[in-house]
Amino acid sequence: LQSIKEQLLIPDYEGLSLNYWIIGNIFLKNSTFSDAEFWLLRGVEMAEKVKSKKNLSKIYLSLKEAHAGMNDYKKALEYQEMYSILKDTM
């Protein structure tokens, strides 16, 4: 019983990163870009904890879209470059 309790307390950072990416994309589709950025950045934090290149690449691409939607093309380009570099290592 104690083992089960301990497992339930261990956060699933990879799963959380994916869920935050999904939430961020819902805000992207509704053109609420600052809300999308908020959730996507949470996803980056979680994906970095477990070094999930797959999730990070998805999130970087969505962050690029969010910043393009906010007319912050410099930041959008940075996220595009981060995505490309990461994608090349997978």
Side-chain angles (χ1 to χ4, degrees):
L1 187 60
Q2 183 64 27
S3 177
I4 293 171
K5 287 180 183 177
E6 288 172 5
Q7 288 178 343
L8 290 174
L9 294 175
I10 298 172
D12 176 12
Y13 292 120
E14 189 163 6
L16 284 170
S17 71
L18 189 57
N19 286 333
Y20 291 150
W21 172 71
I22 291 168
I23 293 168
N25 277 296
I26 291 169
F27 284 107
L28 271 179
K29 289 187 189 312
N30 290 317
S31 299
T32 49
F33 302 113
S34 60
D35 290 330
E37 179 191 32
F38 173 84
W39 289 104
L40 294 168
L41 290 174
R42 302 288 101 33
V44 168
E45 291 173 17
M46 298 299 113
E48 286 176 342
K49 285 182 185 281
V50 292
K51 297 176 178 48
S52 175
K53 291 181 180 181
K54 180 181 173 184
N55 288 358
L56 276 171
S57 67
K58 290 178 183 182
I59 296 167
Y60 288 156
L61 206 52
S62 293
L63 279 164
K64 177 202 73 145
E65 293 176 28
H67 283 277
M70 293 186 281
N71 298 320
D72 185 353
Y73 299 109
K74 182 179 177 186
K75 197 71 170 172
L77 181 59
E78 289 176 24
Y79 280 113
Q80 175 64 44
E81 290 171 353
M82 292 168 72
Y83 165 79
S84 295
I85 290 168
L86 192 59
K87 194 73 171 165
D88 289 342
T89 66
M90 292 172 44

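All values reported here derive from a predicted model rather than from experimental measurement. Throughout, numbering of the chain's residues begins at 1 and tracks the sequence.
Nearest heavy-atom pair across Gly43 and Ser17 is O-CB, 3.3 Å. In terms of heavy-atom proximity, Gly24 sits nearest to Ala36 at O-CB, 3.3 Å.
Atoms NZ and OH, from Lys49 and Tyr13 in turn, are 4.5 Å apart once rounded to the nearest 0.5 Å. One finds the CD atom of Gln80 at 11.5 Å from the NZ atom of Lys87 (value rounded to the nearest 0.5 Å). How far NZ of Lys53 is from CD of Glu48: 13.0 Å, rounded to the nearest 0.5 Å.
Taking Ile, Leu, Val, Met, Phe, Trp and Tyr as hydrophobic and joining them when side-chain heavy atoms fall under 4.5 Å apart, one finds Met70 in a cluster with Leu28, Phe33. Within the hydrophobic cluster formed by Ile, Leu, Val, Met, Phe, Trp and Tyr side chains joined at under 4.5 Å, directly or through other members, Leu18 is accompanied by Trp21, Ile22, Ile26, Leu40, Leu41, Val44, Leu56, Ile59, Tyr60, Leu61, Leu63, Tyr79, Met82, Tyr83, Leu86.
Each of Leu16, Asn55, Asn19 was evaluated against Met46; a single residue qualifies, Leu16, per the side-chain contact (heavy atoms from CB on, under 4.5 Å) test.
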